[in-house]
Amino acid sequence: MKYLDFIFLIIFSYTIVLFSCTDKQKKAEVTINKSTESLSGWWIYGEGQHIFKDEESLQEFDLVFPNEDSLALIDLYLSITEMEYFPMETDFIGIVNESGVMQVDDFDITYIQGCDEQ
């Protein structure tokens with residue numbers, strides 16, 4: 001009887017591990033299947049909110065920077081623009097979801113108005 005209980009325990013444990021691994025693989029596939037987009041436009045920061053306005057479609061996206069320190073990002077923006085709500089031309093690479101939020105993987109600041117004036 002103890003032998004059968006032991007076998008049942010092993011089969012039950014194996015089943016749990018198998019299902020948990022399958023679940024992780026499905027989550028990984030969902031993340032991989034989302035394609036990254038490269039967009040150019042204007043990054044605007046004000047009152048704690050980062051917004052991006054696409055240059056081609058003029059569509060607006062809320063920006064989320066999961067790989068960046070939020071305070072350092074705000075300091076970067078304000079040190080360049082010297083004020084809130086000043087648009088900064090930027091290229092963003094990231095994932096846009098259905099609710100209009102862009103998860104930013106990388107970005108390049110391409111132009112800051114007034115920097116070429118002397």
Side-chain angles (χ1 to χ4, degrees):
M1 185 70 177
K2 290 183 182 182
Y3 181 73
L4 289 176
D5 289 339
F6 180 71
I7 291 175
F8 178 72
L9 180 64
I10 290 175
I11 292 173
F12 181 71
S13 300
Y14 178 74
T15 306
I16 289 175
V17 170
L18 181 66
F19 282 119
S20 65
C21 290
T22 305
D23 188 41
K24 289 178 184 176
Q25 287 175 344
K26 287 180 184 177
K27 288 179 183 177
E29 288 174 8
V30 170
T31 306
I32 292 170
N33 288 339
K34 291 183 179 179
S35 61
T36 59
E37 295 184 39
S38 180
L39 300 172
S40 295
W42 300 276
W43 174 17
I44 303 164
Y45 169 78
E47 294 183 15
Q49 184 178 15
H50 296 277
I51 300 171
F52 175 73
K53 187 158 190 149
D54 182 36
E55 187 175 33
E56 289 182 20
S57 67
L58 299 179
Q59 185 177 8
E60 289 186 5
F61 303 99
D62 289 328
L63 296 174
V64 177
F65 297 88
N67 302 327
E68 304 290 335
D69 177 29
S70 61
L71 294 177
L73 202 59
I74 293 168
D75 286 343
L76 170 70
Y77 182 91
L78 294 176
S79 68
I80 294 171
T81 62
E82 299 180 352
M83 70 174 110
E84 291 185 352
Y85 297 107
F86 193 85
M88 189 168 34
E89 286 186 30
T90 312
D91 294 335
F92 282 105
I93 298 173
I95 299 170
V96 178
N97 67 16
E98 298 82 29
S99 60
V101 176
M102 180 175 205
Q103 181 177 337
V104 179
D105 291 330
D106 195 17
F107 65 94
D108 272 331
I109 298 169
T110 56
Y111 180 75
I112 304 158
Q113 186 173 352
C115 284
D116 61 344
E117 298 174 5
Q118 297 191 11

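Given the structure is predicted, the values throughout are model-derived calculations rather than measurements.
Atom CD1 of Ile109 and atom CZ of Phe92 lie 8.0 Å apart (nearest 0.5 Å). The distance from atom CE of Met102 to atom CG of Asn97, rounded to the nearest 0.5 Å, is 10.5 Å. Note that CD1 of Ile44 and NZ of Lys53 are 7.0 Å apart. Values are rounded to the nearest 0.5 Å. With values rounded to the nearest 0.5 angstrom, Asn67 atom CG is found 7.5 Å from Gln103 atom CD. Atom CG in Asp108 sits 7.5 Å away from atom CD1 in Ile93 (nearest 0.5 Å). Note that CH2 of Trp42 and CG of Leu58 are 6.5 Å apart. Values are rounded to the nearest 0.5 Å.
Under a hydrophobic clustering in which Ile, Leu, Val, Met, Phe, Trp and Tyr are joined whenever their side-chain heavy atoms come within less than 4.5 Å, directly or via other members, Phe107 and Val96 fall into the same cluster. Cluster membership for Ile74 and Met88, using ILVMFWY side-chain heavy atoms within less than 4.5 angstrom, is shared. A chain of hydrophobic side-chain contacts below 4.5 Å, direct or via other Ile, Leu, Val, Met, Phe, Trp or Tyr residues, connects Ile80 to Leu78. Residues Val64 and Leu76 do not share a hydrophobic cluster, defined by chaining ILVMFWY side chains whose heavy atoms lie under 4.5 Å apart.
Of all heavy-atom pairs between Phe52 and Thr90, the closest is CE1-O, 3.9 Å. Looking at every heavy atom in both residues, Asp91 comes nearest to Ser40 through OD1-OG, 2.6 Å.
Judged as a ring pair (Phe, Tyr, Trp, His ring centres under 6.0 Å), and not counting sequence neighbours, Phe61 has no contacts.
For Tyr45 (side chain) and Tyr77 (main-chain N/O), no donor-acceptor pair under 3.5 Å exists by modelled atom type.
Classified by interplanar angle (parallel below 30°, tilted 30° to 60°, perpendicular above 60°), the ring pair Trp43/His50 is tilted.
Applying the side chain to side chain donor-acceptor pair (under 3.5 Å) rule to pairs touching residues 54-64 yields Gln49-Asp62, Asp54-Ser57, sequence neighbours excluded.
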